[in-house]
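Since the structure comes first, as structure tokens, the remarks are kept for the end.
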Amino acid sequence: MTMRLDYLSIFPAYFDVLDISLLGKAAVNGLVEVHAHDLRDWTHDRHRTVDDTPCGGGAGMVMKPDPWGEAFDEIIGTEPDSSVHVIFPSPSGAPFTQSAAQELSSAVRIVFCCGRYEGIDHRVIDYARSMWTVHEVSLGDYVLNGGEVAALAITEAVVRLVPGFMGNPESLAEESFSAGQDGLLEYPLFTRPVSWRGLDVPEVLMSGHHGRIAKWRRDESVRLTCERRPDLTDSDFGVPH
Ligand SMILES: N#Cc1c(N)n[nH]c1-c1ccc2c(Cl)cn(Cc3cccnc3)c2c1
């Protein structure tokens, strides 16, 4: 089943990058289909206006609802369909998580609405909620200038989980935040040469003793998670006291 991805933005060129790397290969293999659209194509004035001053006053400009509605009609359609997932990156969105990426990886259609300025007229989101399955999400607690970078990050997180996308699906199970990792951060990785600029690969990893290697990796994951992400440690993870 091909996953169709649509991107609505006043900077559609942001999404040209999706033609390269693994995503480009996935498109070639028919796993995903990418369509980027310029929101200004649904304006009708000489200046192709997409913004206006905020009702109630305040700084900056707000994106007008009209172009979004006309773009929705043409790109998605005018009939409700809960199988269509519409994503609004937003500073006030819910944190985007690996489990959200996992859920979205089985979607047949995802439409990313990438706003700019101070944001999109809220009626656009309300209308979308009346028609499709809407996700208002944030990448994290830092400020971006619009939704495009978030849409690219979410795309990569989702598409890499689509069955058939990753050459070696086993590698997905050991990553940070993956279910197989018990919510722990990934352990440190090493490869050849064994000695590099006076720095050596931990001996245990060269021992060939799989039990010891597994214990070292688990201990390292617990140590790193306790140090860097105490918010993920909802239990002791058997941390040695
Ligand atoms: N996702 C995410 C995310 C994040 N993690 N930081 N900033 C954003 C984000 C997402 C969408 C928009 C739209 Cl639309 C306009 N802006 C600019 C802006 C910045 C600060 C306050 N108001 C608007 C966006 C910022």
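These numbers were taken from a predicted model, which means no experiment stands behind them. Just so you know, ligand 1 is whichever comes first in the structure, and atom 1 is the first atom listed for that ligand.
Heavy-atom proximity to atom 14 (Cl) of ligand 1, evaluated over A151, G146, G115, is greatest for G115. The heavy atom nearest to atom 20 (C) of ligand 1, out of those in D141, V143, V137, is found in V143.
Ion pair D51/R116 not flagged as a salt bridge, since none of the NZ, NE, NH1 or NH2 atoms sits closer than 4.0 Å to an Asp/Glu carboxylate oxygen.
Ring orientation note: the planes of F72 and Y127 are close to parallel, at an angle under 30° on the 30°/60° scale.
Proximity of L139 to P89: side-chain heavy atoms (C-beta onward) are nowhere separated by under 4.5 Å. D6 is listed as a side-chain neighbour of R109, based on a closest heavy-atom distance under 4.5 Å. Side-chain contact between L152 and F15 is present, with heavy atoms from C-beta onward closer than 4.5 Å.
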- Go through R217 and E220 one step at a time and tell me if the salt bridge (Lys or Arg N to Asp or Glu O under 4.0 Å) criterion holds. CA-CA 5 Å; R217 285 175 168 172; E220 282 297 290; over 6 Å; no
- Query: Would E70 and H44 satisfy side chain to side chain donor-acceptor pair (under 3.5 Å), going step by step from the backbone distance to the final call?
  - Reply: CA-CA 11 Å; E70 292 186 29; H44 307 291; 2.7 Å; yes
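Taking 4.0 Å as the cut-off, S138 counts as a neighbour of ligand 1 on heavy-atom distance. Using a 4.0 angstrom heavy-atom cutoff, F96 does not count as in contact with ligand 1.
Residue M63 does not touch ligand 1, judged by heavy-atom distances below 4.0 Å.
Residue contact check: G147 has heavy atoms under 4.0 Å from atoms 11 (C), 12 (C) of ligand 1. When each atom of ligand 1 is checked for a heavy atom of Y117 under 4.0 Å away, the hits are 15 (C), 16 (N), 17 (C), 18 (C), 23 (C). Near A150, with a cut-off below 4.0 Å to any heavy atom, the atoms of ligand 1 are 1 (N). In the vicinity of N145, heavy-atom distances shorter than 4.0 Å reach the ligand 1 atoms 16 (N), 17 (C). Of all atoms in ligand 1, listed by their number and element, those nearer than 4.0 Å to a heavy atom of G140 are 5 (N). Distances below 4.0 Å separate heavy atoms of Y142 from the following atoms of ligand 1: 4 (C), 5 (N), 6 (N), 7 (N).
Note on V108: it does not cluster hydrophobically with I75, by side-chain heavy-atom contacts below 4.5 Å among ILVMFWY residues.
If you check which protein heavy atom lies closest to atom 25 (C) of ligand 1, you get L144 O, 3.4 Å. Regarding atom 11 (C) of ligand 1, its nearest protein heavy-atom neighbour is P89 O, 3.2 Å. Scanning the protein for heavy atoms near atom 21 (C) of ligand 1, the closest one is P91 CG, 3.9 Å. For atom 23 (C) of ligand 1, the nearest protein heavy atom (residue, atom name, distance) is E118 O, 3.5 Å.
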Donor-acceptor pairs are to be reported for all side-chain atoms of residues 27-34 against protein atoms at under 3.5 Å, with residues two or more places apart or in another chain.
| residue | atom | partner | partner atom | Å |
| --- | --- | --- | --- | --- |
| N29 | ND2 | K25 | O | 3.4 |
| E33 | OE2 | H35 | NE2 | 2.8 |

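Under a cut-off of 6.0 angstrom, the local environment of CG in D141 is sparse, with at most 12 non-hydrogen atoms contributed by other residues, nucleotides or ligands.
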